[in-house]
Amino acid sequence: MEILNGVFSVGAVDWDLKTFHGYSTPYGTTYNSYLITGEKNILIDTVKEYCADEFFGKISRVFPVDRIDYVICNHAEKDHSGLVNHILTKSNAVLICSPKCRDNLQKHFHTDYPKVITVENGQHLQIGNHTFRFFHMPMVHWPESMATYLVEKKILFPNDAFGQHFADSKLFVDQVGIEIILREAQKYYANIVNPYGNSVQKVLTALKDLPVEIIAPSHGMIWRRKQDIERIIEKYSTWAANKPGEGIVIVYETMWGSTKKMAERCFVEAVEKNYSVKMFNLEVRDISDVVAEIPDTKTLLFGSSILHGQILPRMAGLLTYLTGLRFNNRKAWTFGSYGWAKQSFEKFETSVKNAGFDLPQPGYYVQFVPDENTLAGLAKTFSEKILV
Ligand code: FEO
């Protein structure tokens, strides 16, 4: 499908994908690849190896694959580099990538890449009637990540940045609805890009004066309306600053329902105080959905029962995951039910602190089953010490 005169989308739609390295993808995803035709033909990125038939089928509808002259690889992760070697084998193409990307491709595919042009940050490159400019984006999302800008058409190909895991037969954000795409872009940012906010800010500064009319990421829908491009850049700027929002997240895991009762009491208390609250029971909700809400959140409540002297395993997994994602500037509180090992909550509080959250108030814990007085005390403490 042609996205602009002479520029074709030739990527793959992965309708079946349900997780992407542990992140739930209920809408599937796409691996976007773009074919730029002209005096020379240039392919930007490829797709996962198992999507080869769809990918080569789309290229062959434009022209035979051996007419590709150059392959730009913006990122070595295999959802984008999976078929680079196949393209190089089927054509006489030259590989273009950052020096780090060449190294990382070699370590993935154990190939020497004798025909390669490595490009530096900010470098221009004239290829036939096309002019490219390259922007290194270390850690957005890997050390070798790079954005490619096509000067004549004002298209930015930023690879993972500005992407979303969203499968659709349509190509553009405005064709499927800005709100659902922004929601998925936030989930993507929070789960994949959040640890690298400083790098994102540097990229946004580098791109600030670039005239961009299309942002064509490597996952999901393409941004083409001016107002949509402005919104996603503004969102990235906000998310990169890692500032807290206004909402509250209550996330818990329960054995016999006591911790659930405590979560629900806190939920009611927050709603009565007119807060925006999202509640997640980890038995039925995925940790990546919890993380997706954190950019909009100022306070998180973590609840768990105690089993074998430990918090429950899904909660432990969430806290390990959060430790890597480096959210900060947010307040947290812990609660839960225990049988005989109350001291185990000390480890719980330590894990929450290690995940980057402030704990201004000791947690609220109950033995076995909370009665009405205990729940009222929970709500009072929550209201007076945490919601303030
Ligand atoms: Fe879509 Fe970092 O790969």
Side-chain angles (χ1 to χ4, degrees), residues 9-34 43-52 54-55 71-87 95-109 134-148 156-168 171 173 181 184-200 202-203 215-223 232 236 239-240 288 291-292 321 324-326:
S9 169
V10 293
V13 184
D14 194 346
W15 297 99
D16 294 345
L17 190 81
K18 285 292 161 264
T19 65
F20 189 95
H21 43 55
Y23 156 170
S24 75
T25 53
Y27 301 107
T29 196
T30 69
Y31 315 109
N32 299 342
S33 171
Y34 302 96
L43 183 74
I44 298 192
D45 293 321
T46 66
V47 302
K48 270 190 183 171
E49 197 169 5
Y50 65 64
C51 300
E54 182 179 351
F55 176 60
V71 181
I72 296 173
C73 183
N74 281 320
H75 181 19
E77 194 164 13
K78 292 206 288 187
D79 48 336
H80 310 297
S81 67
L83 292 173
V84 163
N85 281 14
H86 295 65
I87 292 284
L95 174 66
I96 299 174
C97 61
S98 70
K100 187 87 180 164
C101 189
R102 179 199 50 203
D103 295 348
N104 286 353
L105 286 173
Q106 286 173 336
K107 286 166 188 160
H108 275 81
F109 300 109
F134 304 98
F135 296 90
H136 290 187
M137 304 193 303
M139 302 319 293
V140 188
H141 142 239
W142 276 12
E144 81 292 340
S145 292
M146 179 175 85
T148 296
L156 182 70
F157 301 95
N159 199 264
D160 280 337
F162 309 114
Q164 336 90 42
H165 285 313
F166 193 87
D168 203 281
L171 292 178
V173 170
I181 295 302
E184 290 308 308
Q186 176 166 322
K187 180 174 181 181
Y188 188 96
Y189 185 96
N191 280 276
I192 291 185
V193 188
N194 193 70
Y196 313 114
N198 290 342
S199 304
V200 171
K202 284 182 197 155
V203 170
I215 297 178
S218 59
H219 294 291
M221 302 295 107
I222 298 168
W223 308 84
I232 188 62
Y236 258 61
W239 297 332
S288 58
V291 166
Y321 189 50
L325 287 171
R326 292 189 241 152

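Just so you know, these numbers use all the heavy atoms, side chains as well, and skip hydrogens, waters and symmetry mates. Numbers for residues simply follow the sequence, beginning at 1. All ligand and atom numbering here is 1-based and tracks the order in the structure.
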**Asked** Is the W142 ring parallel, tilted or perpendicular to the H75 ring (thresholds 30°, 60°)?
**Response** perpendicular
**Request:** Using the six-membered ring wherever Trp is involved, compare the ring planes of F162 and Y236 and label them parallel, tilted or perpendicular (cut-offs 30° and 60°).
**Result:** tilted
**Request:** To the nearest 10 degrees, calculate the angle at atom 1 (Fe) of ligand 1 involving NE2 of H80 and NE2 of H219.
**Result:** 90°
**D79: its N/O/S atom lying closest to atom 1 (Fe) of ligand 1 (atom name)** = OD2
**Asked** How about H75: does one of its N, O or S atoms come closer than 2.8 Å to atom 1 (Fe) of ligand 1?
**Response** no
**Fill in**
Checking distances from atom 2 (Fe) of ligand 1, one finds that the N, O or S atom of E77 closest to it is OE1
Distance alone, cut at 3.5 Å: any donor-acceptor contact between the side chains of [X] and [Y]?
X	Y	answer
H219	Q164	no
D45	Y31	no
T148	N74	yes

**Message:** Rounding to 10°, state the angle centred on atom 2 (Fe) of ligand 1 that links ND1 in H141 with OD2 in D160.
**Reply:** 90°
